[in-house]
2 protein chains.
Amino acid sequence: MTKMYKENSLSKNQQIIFDLIDKSPEPLKAYTILFYVQKKGIKAPPQVYRALDKLVEIGKIHKIESKNAFVACKNSNCEISKATAFSICERCEEVDEVSDTKLSKYLSKFNDKKGMTFKRFNLEFFGLCKRCKIK
Amino acid sequence: MTKMYKENSLSKNQQIIFDLIDKSPEPLKAYTILFYVQKKGIKAPPQVYRALDKLVEIGKIHKIESKNAFVACKNSNCEISKATAFSICERCEEVDEVSDTKLSKYLSKFNDKKGMTFKRFNLEFFGLCKRCKIK
DNA sequence: CTTTAAAATGTTATATTATTACATACTGTT
DNA sequence: AACAGTATGTAATAATATAACATTTTAAAG
Ligand SMILES: [Zn+2]
Ligand SMILES: [Zn+2]
Ligand SMILES: [Zn+2]
Ligand SMILES: [Zn+2]
């Protein structure tokens, strides 16, 4: 028989790394994470990258591709990272997850002219945040 | 007086690297480019990255962030890389620039709830291309 | 409780991607 | 010719990510 394994619970390293990212007000890079978790016994890059891979896979975090950095998912509705969108301030580097049902639906239904079937998308908007616009 | 410099023409290294990317049927990575252009006298990473930066800046090429690779712009209408969208096959890795005026307009007009003003976006769709769907 | 497959961990080394820093040369305007 | 801006050449290094392999933990199944 093929065994069924439990979902929903994180392993030790995954939990440590998720907690760190979840508490961070800004996206964290892999080696920044490594630096912070060394006191908890996570000493080498593969340990960090493995946890990150898993957390991305299960949708607890997302990767901001243009910054090689990771944020915790703040939406419950971007199921398993299939539909992600972020706003990125080019000045202060603030990153927020865009939570817009219409946008998400619009893009999830999008079909291109060449007959591709899309399973997933990632959208990154760049501009100036409210605060940086004023300055 | 502030000098006016010529636009529209590429420097030697920029032209060599643009030609290579433009002819390539697939996105090229920086070190792949470096390998190919060494016979033309471009020997070191900074030479490649500088040309890439410039070409991205003027909109002749785009960076596929999820692959750290570069493609030539096939649209004339994504002026200076302000509005880019790509379809990426997860199986054969084929990448195409999505050229859809409606999509582009929809996203260019998108305003988020936190008062950010967007200047630019990059969208990457993932899925299976026509050929890979059949298999 | 024992066996077992899957998942996770620990560790060393290495590969890949990108930038810093500094010296020099080219380009086109004044 | 002088100048400012742009581009180039080169060496060194930083930052990001993966390969490979040994070991341990987890929890379902028997
Ligand atoms: Zn999310
Ligand atoms: Zn800002
Ligand atoms: Zn384009
Ligand atoms: Zn394909």
Side-chain angles (χ1 to χ4, degrees), chain A residues 1-21 24 26-71 93 95, chain B residues 1-21 24 26-71 93 95:
Chain A
M1 274 290 113
T2 57
K3 293 186 179 178
M4 291 299 297
Y5 281 84
K6 81 172 169 189
E7 290 160 19
N8 256 331
S9 76
L10 300 179
S11 74
K12 183 172 122 282
N13 289 0
Q14 288 160 16
Q15 190 69 58
I16 290 167
I17 288 173
F18 175 72
D19 287 344
L20 181 68
I21 296 172
S24 172
E26 62 196 11
L28 293 177
K29 298 189 158 226
Y31 277 75
T32 306
I33 293 168
L34 178 57
F35 174 81
Y36 283 124
V37 298
Q38 277 183 332
K39 60 191 72 143
K40 305 231 175 187
I42 297 174
K43 291 173 189 154
Q47 296 174 289
V48 173
Y49 281 101
R50 281 191 294 230
L52 289 172
D53 286 350
K54 189 70 186 185
L55 291 167
V56 166
E57 188 191 320
I58 64 181
K60 301 280 286 179
I61 66 172
H62 303 304
K63 182 172 186 182
I64 311 297
E65 294 287 356
S66 61
K67 298 172 77 71
N68 300 314
F70 299 84
V71 291
E93 308 264 282
V95 173
Chain B
M1 275 291 111
T2 58
K3 292 184 182 180
M4 292 299 296
Y5 281 85
K6 80 175 169 187
E7 288 161 20
N8 258 330
S9 77
L10 300 178
S11 74
K12 184 171 121 281
N13 290 359
Q14 289 160 15
Q15 189 69 58
I16 289 167
I17 288 174
F18 174 71
D19 287 345
L20 181 68
I21 296 172
S24 173
E26 63 196 12
L28 293 178
K29 299 190 157 224
Y31 277 74
T32 306
I33 292 167
L34 178 57
F35 173 82
Y36 283 123
V37 299
Q38 278 183 332
K39 60 191 73 144
K40 304 231 177 189
I42 297 174
K43 290 174 190 156
Q47 296 174 290
V48 173
Y49 281 101
R50 282 191 294 230
L52 290 173
D53 286 350
K54 189 70 185 185
L55 291 167
V56 166
E57 187 191 320
I58 64 180
K60 300 281 285 180
I61 66 172
H62 303 305
K63 182 173 186 181
I64 311 296
E65 294 286 357
S66 62
K67 299 172 77 71
N68 299 315
F70 299 84
V71 292
E93 307 264 282
V95 174

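Set against dT19(C), dA17(D), dT8(D), the side chain of Pro45(A) has dA17(D) as its closest nucleotide. Of the candidates dG9(D), dA7(D), dT9(C), the closest approach to any side-chain atom of Ser11(B) belongs to dA7(D). Here the side chain of Ala44(A) is nearest to one of dT12(C), dT9(C), dT16(D), namely dT12(C). Taking only side-chain atoms of Gln14(B), from C-beta outward, the nucleotide of dT19(C), dT16(D), dA7(D) with the closest atom is dA7(D). With dT11(C), dA11(D), dT8(D) as the choices, the nucleotide that has an atom nearest any side-chain atom of Pro46(B) turns out to be dA11(D). Side-chain proximity of Arg50(A) to dT9(C), dA11(D), dT18(D): nearest is dT9(C).
For Gln47(A), no side-chain nitrogen or oxygen approaches OP1 or OP2 of dA8(C) to under 4.0 Å. Contact annotation: Lys12(A) does not reach the phosphate of dA8(C) (side-chain N/O to OP1 or OP2, under 4.0 Å). Within the structure, a side-chain polar atom (N or O) of Lys63(B) is placed less than 4.0 Å from OP1 or OP2 of dA18(C). Between Asn68(A) and the phosphate of dT17(C), there is no side-chain N or O to OP1/OP2 separation shorter than 4.0 Å. Between Tyr49(B) and dT19(C) there is no side-chain polar atom (N or O) within less than 4.0 angstrom of OP1 or OP2. For dA7(C), the OP1/OP2 oxygens have no side-chain nitrogen or oxygen of Asn13(A) closer than 4.0 Å.
Here the C1' atom of nucleotide dT24(C) and the NZ atom of Lys43(B) are 15 Å apart, to the nearest Å. If you take NZ of Lys54(B) and P of dT6(D), they are 6 Å apart, rounded to a whole angstrom. Between the C1' atom of dT9(C) and the CG atom of Leu10(A) lies a distance of 15 Å, rounded to the nearest Å. Taking atom CD on Glu65(B) and atom C1' on dT16(D), their separation rounds to 14 Å, with Å as the unit. dT6(D) atom P lies 13 Å from atom CD1 of Ile58(B), rounded to whole Å. When rounded to the nearest whole Å, the span between CD of Gln15(A) and C1' of dT25(D) equals 17 Å. Whole-Å rounding puts the Ile17(B) CD1 to dG9(D) C1' distance at 13 Å. Following rounding to the nearest Å, Glu57(B) (CD) and dG5(D) (P) show an atom-to-atom distance of 15 Å.
Between its two ends, the helix from dC1(C)-dG30(D) to dT30(C)-dA1(D) turns its axis by 30°, counting five pairs per end and rounding to 10 degrees.
Where Ala51(A) and Phe70(B) meet DNA chain C, the nucleotide closest to each residue was compared, and Ala51(A) sits on the side nearer the 5' end.
The heavy-atom pair separating Lys63(A) from Val56(A) by the smallest distance is N-CG2, 4.5 Å.
Taking the salt bridge (Lys or Arg N to Asp or Glu O under 4.0 Å) definition, one finds that Lys54(B) meets it with Glu57(B), sequence neighbours left out. A search for side chain to side chain donor-acceptor pair (under 3.5 Å) contacts involving Asp53(B) returns nothing, not counting sequence neighbours.
In the region residues 27-42 of chain A, proximity to DNA chain C at under 4.0 angstrom, judged on heavy atoms, holds for none of the residues.
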List the atom pairs, donor and acceptor, that lie under 3.5 Å between side-chain atoms in residues 11-21 of chain B and the rest of the protein, sequence neighbours left out.
unit_1	atom_1	unit_2	atom_2	d
Ser11(B)	OG	Gln14(B)	N	3.4
Ser11(B)	OG	Gln14(B)	OE1	3.4
Ser11(B)	OG	Gln14(B)	NE2	3.4
Gln14(B)	OE1	Ser11(B)	N	3.0
Gln15(B)	NE2	Asp19(B)	OD1	3.0

Contacts under 3.5 angstrom, residues 26-46 of chain B side chains, donor-acceptor by atom type, not counting sequence neighbours:
unit_1	atom_1	unit_2	atom_2	d
Lys29(B)	NZ	Lys67(B)	O	3.3

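The residue Lys67(A) sits apart from the nucleic acid: no heavy atom pair falls under 4.0 Å.
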